Amino acid sequence: MVDARTPYPVRVDAASEPSTSRGLWLVKWLLLIPHFVVLLLLWVAFCVVSLIAFVAILITGRYPRPLFDFNVGVLRWTWRVNYYGYGALGTDRYPPFTLAEVADYPAHLDVPYPEKLSRGLVLVKWWLLALPHYIVLSILVGGGLWAGTRATDSGDWNTGAGAGGLLGLLVLIAAIVLLFTGRYPRSLYDFVLGINRWSLRVGAYAGLMTDRYPPFRLDQGGIDPATGPVGPTPPSPTGPSAAERPDQTAATG
């Protein structure tokens, strides 16, 4: 049995930016159209790759490494777009068009390659075992039964993040606060990160990338409790971010 204190293998980190524009979020939907088009194609490929991986794991107990790296890249790209866009509004830096890890971008995701996966679990974990998580995330991320069906089909929780549910409400509140104050409340930021982290863990589990069952908890803040951050160490969540300091507010606009 895995110790509850053992870090979960899906690591999701984020670093808050020193300043956040008050009004840029109003047009991010337009700026992100190229990413949405690419992600639509990538998630179609993700589903096909996951089906091939399902057969490979069932027969060999191994996830073919090139397929694994591709699907991790899709999750990583999705997380960067959602961190910039309406899944978090965590940065004003435009996300790069790449599946690879970008060390200096403020959103990071990594899943270590599993040398061996259970041939039996692959039959049930993506629909039956993950069902309780789908129910919880349908409330946190939104979409109700539609979200559960979509997650079962593709493991994609985050391309619709911010479209509804608690996450969408929290991001809307953050956007309004940004518009009037130029600050992103730290407690709100931490909670939004926790919801995204939960959904990405479930997405990787449903995508057959790990046999470790996702924990039912919100690991809030930018630093994932996994051993060692993926990218540069984010600011400590114990104090206000630079975006919340009065001297930064005047610089936003």
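Computed from a predicted structure; not experimentally measured.
Across Ser118 and Ile57, no two heavy atoms sit closer than the pair O-CG2, 3.8 Å. When all heavy atoms of Trp25 and Ala175 are compared, the pair lying nearest together is NE1-O, 3.3 Å. Nearest heavy atoms, Val102 versus Pro96: CG2-CG, 3.7 Å. Looking at every heavy atom in both residues, Pro112 comes nearest to Pro9 through CD-O, 2.8 Å. Residues Gly222 and Asp190 share a closest heavy-atom pair of N-OD1, 4.4 Å. Here the closest non-hydrogen pair linking Gly85 and Leu32 is CA-CD1, 3.7 Å.
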Side chain to side chain contact (heavy atoms under 4.5 Å, CB included) between Gln220 and Val192, intermediate numbers included: CA-CA 8 Å; Gln220 300 184 45; Val192 165; over 6 Å; no
Asp211 and Lys116: CA distance, side-chain angles, deciding distance, salt bridge (Lys or Arg N to Asp or Glu O under 4.0 Å) verdict: CA-CA 9 Å; Asp211 285 341; Lys116 197 73 174 175; over 6 Å; no
Stepwise side chain to side chain contact (heavy atoms under 4.5 Å, CB included) check, Leu40 with Phe36: CA-CA 6 Å; Leu40 176 62; Phe36 294 152; over 6 Å; no
Step-by-step side chain to side chain contact (heavy atoms under 4.5 Å, CB included) determination, Ile33 to Leu30: CA-CA 6 Å; Ile33 287 177; Leu30 179 62; 3.8 Å; yes
Side chain to side chain contact (heavy atoms under 4.5 Å, CB included) between Leu117 and Val122, worked out: CA-CA 8 Å; Leu117 290 167; Val122 76; over 6 Å; no
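Taking Asp219 as the reference, Arg201, Arg217 meet the salt bridge (charged side-chain N to carboxylate O under 4.0 Å, His left out) condition, with sequence neighbours excluded. Listed by chain and residue number, nothing satisfies the salt bridge (charged side-chain N to carboxylate O under 4.0 Å, His left out) test with Arg80 (two or more places apart in sequence, or in another chain). Not counting sequence neighbours, Arg119 has no partner by the side-chain contact (heavy atoms from CB on, under 4.5 Å) test. Not counting sequence neighbours, the partners of Phe97 by the ring pair (Phe, Tyr, Trp, His ring centres under 6.0 Å) test are His35, Trp77. By the salt bridge (charged side-chain N to carboxylate O under 4.0 Å, His left out) test, Arg62 pairs with Glu115, sequence neighbours left out. Every residue was checked against the ring pair (Phe, Tyr, Trp, His ring centres under 6.0 Å) condition with Phe191, not counting sequence neighbours, and none meets it.
Hydrophobic clustering (side-chain heavy atoms under 4.5 Å, transitive across Ile, Leu, Val, Met, Phe, Trp, Tyr) keeps Leu128 apart from Leu51. Cluster membership for Tyr84 and Leu172, using ILVMFWY side-chain heavy atoms within less than 4.5 angstrom, is shared. Hydrophobic clustering (ILVMFWY, side-chain heavy atoms < 4.5 Å, transitive): Leu31 and Tyr105 are in one cluster. Using a 4.5 Å cut-off between side-chain heavy atoms of Ile, Leu, Val, Met, Phe, Trp and Tyr, with links allowed through other members, Val48 and Phe46 fall into the same hydrophobic cluster. Tyr213 and Val124 end up in the same hydrophobic cluster when Ile, Leu, Val, Met, Phe, Trp and Tyr side chains are linked at under 4.5 Å.
With contacts defined as side-chain heavy-atom distances shorter than 4.5 Å, the pair Tyr8/Thr210 qualifies. Looking at heavy atoms from C-beta onward, Leu89 lies out of side-chain contact with Tyr189 at the 4.5 angstrom threshold. A 4.5 Å side-chain heavy-atom check between His108 and Asp224 finds every atom pair outside the cut-off. Considering only heavy atoms from C-beta on, Asp69 stays 4.5 Å or farther from Leu99 through its side chain. Taking the side chain as every heavy atom from C-beta outward, Val10 and Tyr205 never approach each other to under 4.5 Å. The shortest side-chain heavy-atom distance between Ile139 and Leu166 does not fall under the 4.5 Å cut-off. Between Leu178 and Ile176 the shortest side-chain heavy-atom distance does not fall below 4.5 Å. The side-chain heavy atoms of Tyr83 and Leu193, taken from C-beta on, include a pair separated by under 4.5 Å.
Proximity of a side-chain donor or acceptor of Arg197 to a complementary backbone N or O of Gly221 within less than 3.5 Å is detected. At distances below 3.5 Å, not a single donor-acceptor pair connects side-chain atoms of Lys125 with backbone N or O atoms of Gly120. Between the Arg11 side chain and the Asp110 main chain, no donor and acceptor come within less than 3.5 Å of each other. For the pair Tyr86 (side chain) and Trp29 (backbone), a donor-acceptor distance under 3.5 Å is present. Remark: side-chain polar atoms of Tyr134 are not paired, donor with acceptor, to backbone N or O of Val202 under 3.5 angstrom.
Rounded to the nearest 0.5 angstrom, Leu170 CG and Ser187 OG are separated by 10.0 Å. For the atom pair Leu121 CG and Leu58 CG, the distance stands at 11.5 Å (nearest 0.5 Å). Atom CG of Leu208 and atom CD1 of Ile52 lie 12.5 Å apart (nearest 0.5 Å). Rounded to the nearest 0.5 Å, atoms CG (Asn196) and CG (Leu109) are 11.0 Å apart.
In this structure, a donor-acceptor pair under 3.5 Å is present between the side chains of Tyr63 and Asn71. Residues Trp43 and Thr78 bring a donor and an acceptor atom of their side chains to less than 3.5 Å of each other.
The side-chain tip of Arg65 points at the ring of Tyr113 from less than 6.0 angstrom away and within 45° of straight on.
Using cut-offs of 30° and 60° for the angle between ring planes, the His133 and Phe216 rings count as parallel.
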